[in-house]
J.: 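To start, I am sharing the structure in question, which I have written as structure tokens.
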Amino acid sequence: MRFHTRKWVKPEDLNPNGTLFGGKLLAWIDEELALYSIIQLENSRVVTKYMSEINFRSSAKQGDIIEIGIDVVKFGNSSITLKCEARNMMTRETIITIEATTMVSLGEDGKPKPHGKTQIEYVGNRLK
């Protein structure tokens, strides 16, 4: 799994228990999955269609650094399915795993648009 982003847990990210609010972590993950999909599918119109069971395995506290990793599971006609893990860099524990999130590429009309992609492309390879 490639880890793309790091987030620092700040006071405004905490729940009443003093640990990372799960909704905040899910927002970070959803944003990261969207950005990854936009870059891979070369389309800024991408939406989250499906997210599989979310498994919270541990937590984080203020000052911890969270790392978000993504792997491509498969490319569909107008979609990309991704696997995700967030881990606590301070404790080395996995916080959450999401086995499958489907992101869909949309056209200007708001309907699914085929993207023609079949494998991961690295931005550096596109610039040559």
J.: Mind listing the side-chain donor-acceptor pairs of residues 98-108 below 3.5 Å, one per line with the distance, residues two or more places apart or on another chain?
T.:
from, atom 1, to, atom 2, distance (Å)
Thr102, OG1, Thr81, OG1, 3.4
Ser105, OG, Asn43, ND2, 2.8

J.: Would you tabulate the side-chain donor-acceptor contacts of residues 30-39 under 3.5 Å, counting partners in other chains and residues two or more places apart, or write 'none'?
T.:
from, atom 1, to, atom 2, distance (Å)
Asp30, OD1, Thr48, OG1, 2.6
Glu32, OE1, Thr5, OG1, 2.6
Glu32, OE2, Thr5, OG1, 3.1
Ser37, OG, Leu33, O, 2.8

J.: Do Val73 and Ile70 sit in one hydrophobic cluster, given that two such residues count as connected whenever their side-chain heavy atoms are within less than 4.5 Å of each other, even indirectly?
T.: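 They do not share one cluster, since no chain of ILVMFWY contacts under 4.5 Å joins Val73 to Ile70.
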
J.: Considering only NZ, NE, NH1 and NH2 on the basic side and carboxylate oxygens on the acidic side, decide whether Lys10 and Asp13 come within less than 4.0 Å.
T.: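 No salt bridge links Lys10 with Asp13.
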
J.: For Glu85, is there any backbone N or O sitting under 3.5 Å from a side-chain donor or acceptor partner on Thr97?
T.: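 The answer is no, because no donor-acceptor pair under 3.5 Å joins these two groups.
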
J.: Less than 4.5 Å apart, any side-chain heavy atom of Glu42 and any of Lys117?
T.: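 A side-chain contact under 4.5 Å exists here.
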
J.: What are the two closest non-hydrogen atoms of Trp8 and Trp28, and how far apart are they?
T.: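 Heavy atoms of Trp8 and Trp28 come nearest at O-CH2, 4.3 Å.
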
J.: For Asp109 and Lys111, indicate whether the former's side chain and the latter's backbone hold a donor-acceptor pair under 3.5 Å.
T.: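 Pair found, side chain donor or acceptor close to backbone of Lys111.
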
J.: Any idea which heavy atoms bring Glu93 and Ser58 closest together, and the distance?
T.: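 That closest heavy-atom pairing would be CB-OG, 3.7 Å.
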
J.: Indicate, with yes or no, if Val9 and Phe21 share a hydrophobic cluster defined by side-chain heavy-atom contacts under 4.5 Å among Ile, Leu, Val, Met, Phe, Trp and Tyr.
T.: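 Shared cluster, no.
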
J.: Should Glu121 and Gln40 count as side-chain neighbours, where that means a heavy-atom distance under 4.5 Å?
T.: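 Yes, at least one pair of side-chain atoms sits under 4.5 Å.
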
J.: Under 4.5 Å between any side-chain heavy atoms of Ile96 and Leu26, yes or no?
T.: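 Yes - at least one pair of side-chain heavy atoms lies under 4.5 Å apart.
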
J.: Looking at every heavy atom in both Pro11 and Gln62, which two are closest together, and how far apart are they?
T.: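 Shortest heavy-atom separation between Pro11 and Gln62 comes out as CG-NE2, 3.5 Å.
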
J.: Starting at CE of Met89, measure out to NZ of Lys7 and round the result to the nearest 0.5 Å.
T.: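 So the CE of Met89 and the NZ of Lys7 are separated by 14.5 Å.
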
J.: According to a hydrophobic-cluster definition based on side-chain heavy atoms being under 4.5 Å apart (Ile, Leu, Val, Met, Phe, Trp, Tyr only), do Tyr122 and Leu82 belong together?
T.: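 Tyr122 clusters together with Leu82.
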
J.: Are any of the side-chain nitrogens in Lys24 or Glu12 under 4.0 Å away from the carboxylate oxygens of its partner?
T.: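 Looking at Glu12 together with Lys24, the answer is no, because their closest N to O distance does not fall below 4.0 Å.
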
J.: Rounded to the nearest 0.5 Å, what separates atom CG in Leu20 from atom CG in Asn88?
T.: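 Between atom CG of Leu20 and atom CG of Asn88 there are 9.0 Å.
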
J.: Answer yes or no: does atom CZ of Phe75 have more than 12 heavy-atom neighbours from other residues, nucleotides or ligands under 6.0 Å?
T.: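 Yes, because the 6.0 Å sphere around CZ of Phe75 holds more than 12 heavy atoms from other groups.
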
J.: Could you check whether any side-chain heavy atom of Lys83 comes within less than 4.5 Å of a side-chain heavy atom of Met1, counting everything from C-beta outward?
T.: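 When only atoms from C-beta onward are counted, Met1 and Lys83 do touch, with a gap below 4.5 Å.
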
J.: Is the backbone N or O of Ile68 less than 3.5 Å from a side-chain atom of His4, with the two atoms forming a donor-acceptor pair by type?
T.: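 Checking the backbone N and O of Ile68 against the side chain of His4, no donor-acceptor pair under 3.5 Å is found.
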
J.: Which atom names give the shortest non-hydrogen contact between Ile95 and Ser59, and what distance separates them?
T.: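 Minimum heavy-atom contact is CG1-O, 4.0 Å.
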
J.: Might you point out which heavy atoms bring Leu25 and Phe56 nearest each other, and give the distance in Å?
T.: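 Heavy atoms of Leu25 and Phe56 come nearest at CD2-CE2, 4.3 Å.
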
